[in-house]
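These values consider heavy atoms only, across backbone and side chains, with no hydrogens, waters or symmetry-generated copies.
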Amino acid sequence: MRALAEMTLEELWQLFPIELAEHNPAWFAWYREEKAALLAILGDAVRRIDHIGSTSVSGLLAKPIVDILLQIEAECDPARLKARLLDNGWLLMAEQAAPDLRLDWNKGYTPLGFAARVFHLHVRHVGDWDEPYFRAYIAAHPEAALEYAALKRKLLAEYKYNRDAYTDAKSEFIRTCTAKARTESRDI
């Protein structure tokens, strides 16, 4: 069996297609458990940690993948942080150093498909607040949550095996809601 790192993007998309599920209240507990584990292994490197994405909003249709936003100070050593995450079962999927640090990690992806619990970890410097704003807006506006769920269902039919296109197709909706959230509240 080939290792995930040896697979092409197209092979990975076939193995890990977009799936949508009705909200599962257990996702909140999964987040709390993973947050505790991250704090234990990363300690003072963590400045802020948030449950983001659709699994963080009660009642919202979601990919059954818990998204976590981990914010670190600029002084944090990315090499040390990466080593600790790799040693604890996280797989680095994307890395960008400039203009802003962006490390995207996965956990729960196996050569046989998804594990029972799947996570995406987004590491950013402190102040990258878009995801928490979007979460707050969707949670506070049921009509926007319904519109978002309908958009996801539509996009699933088109992009089940193309994660990048699925994500890109949601971007304008997310940017619009995030901008509205920023005008409504400064406290996230």
Side-chain angles (χ1 to χ4, degrees), residues 3-5 7-39 41-42 46 48-71 82 85-86 88-96 102-124 128 130-139 144-146 148-171 173-174 177-178:
L4 295 177
M7 292 182 174
T8 67
L9 197 54
E10 289 74 22
E11 289 172 320
L12 289 169
W13 286 338
Q14 290 297 315
L15 186 58
F16 304 108
I18 302 291
E19 297 174 357
L20 294 175
E22 295 301 322
H23 185 79
N24 180 350
W27 292 332
F28 296 122
W30 296 3
Y31 162 73
R32 287 190 302 274
E33 290 169 17
E34 200 60 36
K35 175 183 177 180
L38 287 165
L39 290 171
I41 63 172
L42 299 175
V46 176
R48 180 176 168 152
I49 190 166
D50 288 283
H51 186 184
I52 60 170
S54 296
T55 62
S56 69
V57 179
S58 291
L60 185 58
L61 182 75
K63 293 188 307 285
I65 298 170
V66 173
D67 284 284
I68 301 171
L69 175 63
L70 177 74
Q71 295 191 20
K82 288 192 300 190
L85 290 170
L86 287 168
N88 284 277
W90 288 92
L91 177 64
L92 181 60
M93 297 302 291
E95 180 175 7
Q96 171 187 304
R102 299 180 83 77
L103 301 172
D104 293 311
W105 300 81
N106 293 345
K107 189 175 188 182
Y109 286 65
T110 78
L112 299 175
F114 291 118
R117 293 184 183 191
V118 182
F119 301 89
H120 286 176
L121 178 65
H122 312 271
V123 178
R124 309 288 186 261
D128 190 337
D130 283 353
E131 290 93 344
Y133 272 110
F134 178 71
R135 177 199 60 214
Y137 187 83
I138 290 295
L146 290 172
Y148 189 45
L151 174 62
K152 291 193 287 185
R153 282 189 185 97
K154 175 184 173 274
L155 297 175
L156 174 65
E158 283 183 68
Y159 302 119
K160 183 176 180 90
Y161 297 102
N162 188 336
R163 245 171 224 284
D164 289 346
Y166 176 84
T167 299
D168 289 346
K170 296 186 307 177
S171 294
F173 181 87
I174 292 169
C177 291
T178 301

Considering all heavy atoms, the nearest L151-K170 contact: CD2-CA, 4.3 Å
Steps toward side-chain contact (heavy atoms from CB on, under 4.5 Å) verdict (I18, L155): CA-CA 10 Å; I18 302 291; L155 297 175; over 6 Å; no
Exercise: identify the closest heavy-atom pair between F134 and T178: CB-OG1, 3.5 Å
Heavy-atom check, side chain of S54 versus side chain of K152, under 4.5 Å: yes
Derivation and outcome, salt bridge (Lys or Arg N to Asp or Glu O under 4.0 Å), residues E19 and R163: CA-CA 10 Å; E19 297 174 357; R163 245 171 224 284; over 6 Å; no
Shortest non-hydrogen contact from L60 toward A149: CD1-CB, 4.4 Å
Heavy-atom closest contact (L86 atom, L92 atom, distance): CD2-N, 4.4 Å
Qualifying residue, where the test is side-chain contact (heavy atoms from CB on, under 4.5 Å) with L42 and the options are V123, I49, L70, N88: L70
Approximate separation, where rounding is to 0.5 Å, of H23 NE2 and L61 CG: 11.0 Å
Under-4.0 Å salt bridge between E33 and R117: yes
Working for side-chain contact (heavy atoms from CB on, under 4.5 Å), residues E131 and D50: CA-CA 9 Å; E131 290 93 344; D50 288 283; over 6 Å; no
By side chain to side chain contact (heavy atoms under 4.5 Å, CB included) - contacts of L91 (at least two apart): L4, M93
From CA spacing to verdict: side-chain contact (heavy atoms from CB on, under 4.5 Å), W27, V57: CA-CA 10 Å; W27 292 332; V57 179; over 6 Å; no
With T167 via side chain to side chain contact (heavy atoms under 4.5 Å, CB included) - residues at least two apart: none
Spatial distance of atom CD1 (I52) from atom CZ (R135) [nearest 0.5 Å]: 8.0 Å
4.5 Å side-chain heavy-atom contact, F114 and K63: no
With Y161 via side chain to side chain contact (heavy atoms under 4.5 Å, CB included) - residues at least two apart: Q14, P17
pair K35-I68: side-chain heavy atoms closer than 4.5 Å: no
Aromatic contact, Y137 with Y148 (centres under 6.0 Å): no
Intermediate values then yes/no, side-chain contact (heavy atoms from CB on, under 4.5 Å), N106 and V118: CA-CA 8 Å; N106 293 345; V118 182; over 6 Å; no
Minimum heavy-atom distance between A165 and Y159, given as atom pair plus value: CB-CD2, 3.4 Å
Residue pair P111 / L15: nearest heavy atoms and the distance that separates them: O-CD2, 3.6 Å
Matching residue for R124 among L103, D104, D130 - test: side-chain contact (heavy atoms from CB on, under 4.5 Å): D104
Value rounded to 0.5 Å, distance of CG in N24 from CH2 in W30: 6.0 Å
Min side-chain heavy-atom separation T55-I65 under 4.5 Å: no
Salt bridge (Lys or Arg N to Asp or Glu O under 4.0 Å) between K154 and E158, intermediate numbers included: CA-CA 7 Å; K154 175 184 173 274; E158 283 183 68; 3.5 Å; yes
Close side-chain approach of P132 to L69, heavy-atom, < 4.5 Å: yes
Ring centroid separation F119 to H51 under 6.0 Å: no
